[in-house]
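Written out below as structure tokens is the structure these notes cover.
Please read these numbers as outputs of a predicted model, since none were measured by experiment.
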Amino acid sequence: MTVASIEAGTRFPEFDAEQSYSMIIDGEHVAAADGRTFRCLDPFEDAEWGYVPIATEADVDRAVAAARRAFPAWAGTSPWARLEIFRRWSALLREHTAELARLQVHENGKTITEMTLAAGSLAASLDHLAQSALSIHGATVAPVMPGHEAWSVRVPLGVVGAIAPWNNPLGLLASKLFPALVSGNTIVIKPSEVTPVSTIRLVELAHEAGVPAGVVNVVTGDGAVGAALSNHPDLDKVAFTGSSATGRKVAEAAGRNLARVTLELGGKGANIVFADADIPHAVEGLATGTLAGTGQACNAGSRIFLHEDVREEVLEKLKARLAAVRIGDPLDPTNEIGPLASRAQYRKVTGYFQVAADEPSTSLIQGARKGTEIPDVAAGLFVEPTLVDTPDRNSRLRREEIFGPVASVITFRTEDEVVAAANDTEFGLVSGLWTRDLDRARRVSKRLDTGVVWINTWRAFSGNVPFGGRKASGIGHELGLDPFADYTELKAVWLGPDQSGPA
Ligand code: NAD
């Protein structure tokens, strides 16, 4: 453990805590129609900063109307002309990587290492998508009707509403914003109320690069603003990342409006260690699954399944690894975990410490201290990495997404038993297994009911590999080899027989 090392209040001299920020509608910086604002929170200092508008329904309406007006011209702009704009935008993103990384740390308390990686990948991802846009294509087909020809083209959908969470604010927005814009759609973004300012900055840079007014709009505020956007009848698609509970509401709204929808939702990843695993690597994978993003990651490995033959060995090593974790100021690159992102998140995660203490079958293996109880840390919205033994399948620790550095440990004997237990959850986002037996790896990966399966690795990502969940973890995919499939529509065009001859 390590002390919170940098003096509070002096950490972000470049941001004025009293500054007011604006939404961006139709290329203009605007306040909310009724002037209401809310404040951001630096979770390390537990101190408020900035004033951010709370959009009214009328503001959301104006943003959607602006996106609708901008759509025909943007969709009709040649891909080459758009590519020029995206090149300028990605150059600005490179120039502003450090600023965007620091802003996100100020907002959500994730480590500077993680946020620099996330901010640094924005430009590369935009470059890749912008270049790929030139290969969006349809097909020519020979229809069965005599004398006819037919072909398909891919056309943009229209106006997209994008609603994002706080845990990787720009990365999870980029996987919607970039493919939407690159394929000719316009967009209204509702960032999380925890992380609004980094999104506003990203969109300011888009305008600086030459994205025309109305093509990208940002409305800020809490869930009510998200609801106003997702219920808006003039959206062609809603792209949502967030909790499964909110995802259900977004899907209902999209269903009523018959808007297309993609949902990237919660998870409860199973990280399985078989007896023949390479134990040191497996332990590092378990630590990553527990600690990454201070456990505030949809792809956390928050259920750890250990074969009974290696349980004690793995647990001893994992306990030592977690006990040695450096906790502290997320701006200090030597720290592995920072505070939780918000007071609400702190209440939620520490509430589960109480649940663990109350459940008769659950026992604490290590951790469960918070803030002031952690030696050397003694401040802030911190919690200690925590392991709990949860033999009962009904344990809330084992079933619910905690979204903190808390993992539930489960012992198993057979492959069938662990596959059934790993799939015994409403979620289906990610899972992983550690084994040296390739046949087992192939078999088990087929049987795990999740959108992503990692074998002998955890949290591997690449823009050209799809990411998406099954069951309550979502509908659809982001990234992958066809990133535009969910942002374009196939349109069939028919040409009748030659009319130059006799009728
Ligand atoms: P959340 O559902 O509370 O909020 C997400 C967004 O939805 C926020 O912008 C919020 O203001 C908005 N919102 C809230 N109520 C709304 C409503 N009724 N209608 C429309 N929008 C509404 O989630 P969160 O706490 O911001 O994020 C954490 C969750 O996101 C976790 O469950 C995590 O697993 C999930 N997540 C999933 C992925 C993935 O790719 N599958 C990635 C990151 C996070």
Side-chain angles (χ1 to χ4, degrees), residues 22-34 36 38 52-75 155-165 169 172-173 175-181 183-193 196 199-200 202-203 206 211-265 474-476 478 486-489:
S22 305
M23 303 189 287
I24 302 176
I25 298 179
D26 212 3
E28 304 282 332
H29 281 90
V30 294
D34 62 5
R36 285 203 309 145
F38 67 100
V52 182
I54 304 175
T56 63
E57 282 196 23
D59 294 321
V60 173
D61 254 351
R62 276 199 306 136
V64 174
R68 179 60 63 194
R69 274 195 307 278
F71 173 63
W74 181 246
V155 294
L157 300 173
V159 178
V160 175
I163 302 176
L172 293 167
L173 173 61
S175 53
K176 303 162 181 55
L177 173 63
F178 294 165
L181 291 187
S183 52
N185 301 278
T186 58
I187 195 163
V188 179
I189 301 163
K190 209 298 281 177
S192 165
E193 54 273 41
T199 296
I200 292 170
L202 183 79
V203 174
V211 170
V215 169
V216 189
N217 307 271
V218 187
V219 290
T220 48
D222 61 8
V225 181
L229 181 59
S230 57
N231 278 287
H232 201 288
D234 200 25
L235 293 185
D236 297 287
K237 169 176 173 124
V238 186
F240 175 80
T241 299
S243 63
S244 302
T246 310
R248 288 191 164 93
K249 294 182 196 162
V250 170
E252 265 177 48
R256 267 195 307 278
N257 293 324
L258 295 179
R260 279 142 193 78
V261 66
T262 41
L263 301 170
E264 298 289 337
L265 308 177
I475 296 176
E478 292 188 333
D486 284 332
Y487 290 91
T488 53
E489 194 65 82

Is there a side-chain contact between [X] and [Y] (heavy atoms, below 4.5 Å)?
X	Y	result
P191	L173	no
H232	V159	no
L265	F240	yes

### Task
Mind jotting down which residue pairs meet the side chain to side chain donor-acceptor pair (under 3.5 Å) criterion with at least one end in residues 64-74? Sequence neighbours excluded, please.
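Non-adjacent pairs meeting side chain to side chain donor-acceptor pair (under 3.5 Å): D26-R69, R68-D234, R68-D236.
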
Mind listing the closest non-hydrogen atom pair of [X] and [Y] along with its distance?
X	Y	value
G476	T262	CA-CG2, 4.3 Å
K176	A162	CD-CB, 4.1 Å
L235	V160	CD2-C, 4.3 Å
M23	A32	CE-CA, 3.8 Å
A33	D59	N-OD2, 3.0 Å
L157	N185	N-OD1, 2.7 Å

### Task
Measure the NE2-OG distance between H29 and S22 for me, rounded to the nearest 0.5 Å.
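One finds 5.5 Å between NE2 of H29 and OG of S22.
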
### Pairwise distance CG(L177) to CD1(I187) - rounded to 0.5 angstrom
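L177 CG to I187 CD1: 5.0 Å, rounded to 0.5 Å.
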
### Message
Quick test of your reading: applying salt bridge (Lys or Arg N to Asp or Glu O under 4.0 Å), list the pairs with at least one residue in residues 251-262, sequence neighbours left out, ordered by first then second residue.
### Response
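Residue pairs with at least one partner in residues 251-262: R260-E489.
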
### Pair D486-K237, side chain to side chain contact (heavy atoms under 4.5 Å, CB included): steps then yes or no
CA-CA 9 Å; D486 284 332; K237 169 176 173 124; 3.5 Å; yes

### Task
Indicate whether the side chain of K190 and that of T199 have a donor and an acceptor atom separated by less than 3.5 Å.
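On atom types as modelled, these side chains do not qualify, holding no pair under 3.5 Å.
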
### Task
I would like to know whether T220 and V225 meet side chain to side chain contact (heavy atoms under 4.5 Å, CB included); could you show each step before the answer?
CA-CA 7 Å; T220 48; V225 181; over 6 Å; no

### Query
Taking only residues two or more places apart in sequence, or in another chain, which ones meet S244 in a side chain to side chain donor-acceptor pair (under 3.5 Å)?
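Partners of S244 by the side chain to side chain donor-acceptor pair (under 3.5 Å) criterion come out as none, since no residue qualifies.
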
#### Entry: Member of I200, I189, V216, N217 meeting the side chain to side chain contact (heavy atoms under 4.5 Å, CB included) criterion with I24
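Result for side chain to side chain contact (heavy atoms under 4.5 Å, CB included) with I24: I200.
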
### Task
Would you check, one step at a time, whether the test side chain to side chain contact (heavy atoms under 4.5 Å, CB included) holds for L263 with V250?
CA-CA 8 Å; L263 301 170; V250 170; 4.1 Å; yes

